[in-house]
Undergrad: 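What follows is a structure written as structure tokens; I'll ask about it next.
Fair warning: this is a prediction, and the values are worked out from it, not measured in the lab. Order of the sequence lines fixes the chain letters, A, B, ..., with proteins taken first and strands second; residue numbering starts at 1 for each chain.
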Amino acid sequence: MGENSFAHRKYTYFHDQKYPCEAIDIHHIEVQSNGAKGVFVSLLAAIVVGNALYLVLVKEKSVTLLFSSFLLWAFLRKLLLGKPVKKESVVIMPTLGVQLETLYLSGRIMRQFVPVSKILKPVLQECVTPVTCYWSLSLVMREEEELAPVFKVRLLMEIRKRNYVHH
Amino acid sequence: MMDGLIGDRERHRILMVSDFFYPNFGGVESHIYCLSQCLLKLGHKVVVMTHVYGNRSGVRYMTNGLKVYYIPWRPFLMQNTLPTIYGTLPIIRTILIRERITLVHGHSAFSTLCHEALIHARTMGYKVIFTDHSLYGFADVGSIHMNKVLQFTLADVSQAICVSHTSKENTVLRSGLPPEKVFVIPNAVDTAMFTPAPENPRSNDEIIIVVISRLVYRKGADLLVEVIPEVCRLYPHVRFVVGGDGPKRVRLEEMREKHFLQDRVEMLGAVPHSRVRSILVSGHIFLNSSLTEAFCIAILEAASCGLLTVSTRVGGVPEVLPDDMVVLAEPDPVDMVQAIKKAITILPTIDPQDMHKRVKKLYDWHDVARRTEIVYDRAMKCSNQNLLERLSRYLSCGSWAGKLFCLVMIIDFLLFHLLQLVQPAIDIEEVPNMVMSLGEGSTAGDDIPEQSSR
């Protein structure tokens, strides 16, 4: 991995300089998983399941209570932790297009390739959800209604913007 | 660009919150927009927060870089967001941190988003201002509950603004606020947009009376139904032009047919705001029959266009115009017909251009912004109180209500601290200051504002 990397809070940015920039340009952002959230979720699991076990064994309530408590815990876990992403990469090949890669904690890799003919412009966009608002680097594509999200950007101030769109 | 002083004055970063904003058109909406534009010109930073309108969701930019957050909470009743009390806490906190807001300014007692934002902003320690735009009753069940909610929200507000003295009296009585905390800053009108017709449209003897309002009970549509036939009977040379739509339109149409007034009463239907001026300048007299008004911008717009106004003497209406520009009447058909009679007799003495000049001197949005700035400066000087001191204010709201409000605020406080643990403030990136120079590629209000990082 290369020079030209820096860290900010739980995110680390690498710029791969193995290959010449003109041919292939690779950028990575890696996430350090938040220990506190994991501890919190485990604690919650202990409480929910413990409570259910107590009710079933001591108070002799029905066993379905135990199953429903597992379901509740699974739902809460999904809600709080979501899909844990380990690393996101962008491989830019000016003549061919852009490849977006996401590596999850479970080891799964998801790739998406966007041909250069489809890319109109990269944009820095503010995404507003019902609970939060964040910056995102996205690609505007021709003939598509939605944008292709590249990075959920938390390093806005530190990543220098470069224009990769060659018309 | 650092937050600092402009001359002797402090530069504020204001968040305007209301359920009512563009693309909706109305008094509150245009008030927020005009005030924000004038504050931007004075050098402050203004951000507006409102709920989603149709497809319009996310961040949009308006003239002069006014940033608007359309947060994706759907309106559920009369343009109001669903009141979940704590639901909007995360997004409000995020916006307050990323925009480095110093002051939160809420508009309209009818807006649930405004109430929630004010409560959460107080919990997070920001200074809070509330502007009340309407009068409200005391007697019916709806009013009683509304007033209780208002009492809760305003128990801990830093300063409040009302649009007329009558409105101040009404707000102070409804909410129990100390009167020293309430400032009166009347609305203004965009006199550049509402100009009279260049030449006098009094070529023939015909007199045209214009009515533009929502045809609902509150705006006195029932009074119109009584008044119009009587006036048409007494004065054969008078015509009516009625713009606006609403549930009472049916009654007006029936009145037209019953008295055979189809050629004397023209019904225009809903009028877009951009066409209001052209309809006003086609008339000589403006008729306002509202049953309640805190301040009536409509008669101000009419006066700015050079029309003589006939209005009901309700609420804050007598405070709006000088006595020679308006003829007031009780909200009673007989009295209103008398008032229209008086207006017709004094009509030849009216000079539209002169009237427009006088309104221009009396009302100016820049003046409103300067006065609002004084209120902001006062609010910033208010002391910071901790939770216990603030709770004592809520307890005084009532024997049961006080305890309930205290409980709500304690839970809010706890949720706020939980949120600080789960999503620390340092993880929320602050928005860089964007300087919009003239002639730069403008953002036309579509989905993707292109910005550059520094």
Undergrad: May I ask you to check whether over 12 heavy atoms, not counting those of B:Tyr22, lie within 6.0 Å of atom OH?
TA: no
Undergrad: Heavy-atom pairs under 4.5 Å with chain A are the metric here; pick the option from B:Gly87, B:Pro72, B:Pro424 that has the most.
TA: B:Pro72
Undergrad: Taking all heavy atoms of A:Cys133 and all of B:Tyr69, pick out the closest pair and write down the distance.
TA: SG-CE2, 3.8 Å
Undergrad: With a 6.0 Å cut-off (strictly less than), is the heavy-atom count around CG of B:Leu77, excluding the residue itself, greater than 12?
TA: yes
Undergrad: Where do A:Val128 and B:Gly58 come nearest, in terms of heavy atoms and distance?
TA: CG2-CA, 3.8 Å
Undergrad: Could you walk me through whether B:Thr94 and A:Tyr134 pass side-chain contact (heavy atoms from CB on, under 4.5 Å), step by step?
TA: CA-CA 9 Å; B:Thr94 307; A:Tyr134 56 88; over 6 Å; no
Undergrad: For atom CZ of B:Phe25, decide whether the heavy atoms of other residues, nucleotides or ligands shown that lie under 6.0 angstrom number more than 12.
TA: yes
Undergrad: Picking from B:Arg93, B:Arg98, B:Gln423, what satisfies side chain to side chain contact (heavy atoms under 4.5 Å, CB included) with A:Thr132?
TA: B:Gln423
Undergrad: May I ask you to check whether over 12 heavy atoms, not counting those of A:Tyr54, lie within 6.0 Å of atom OH?
TA: no
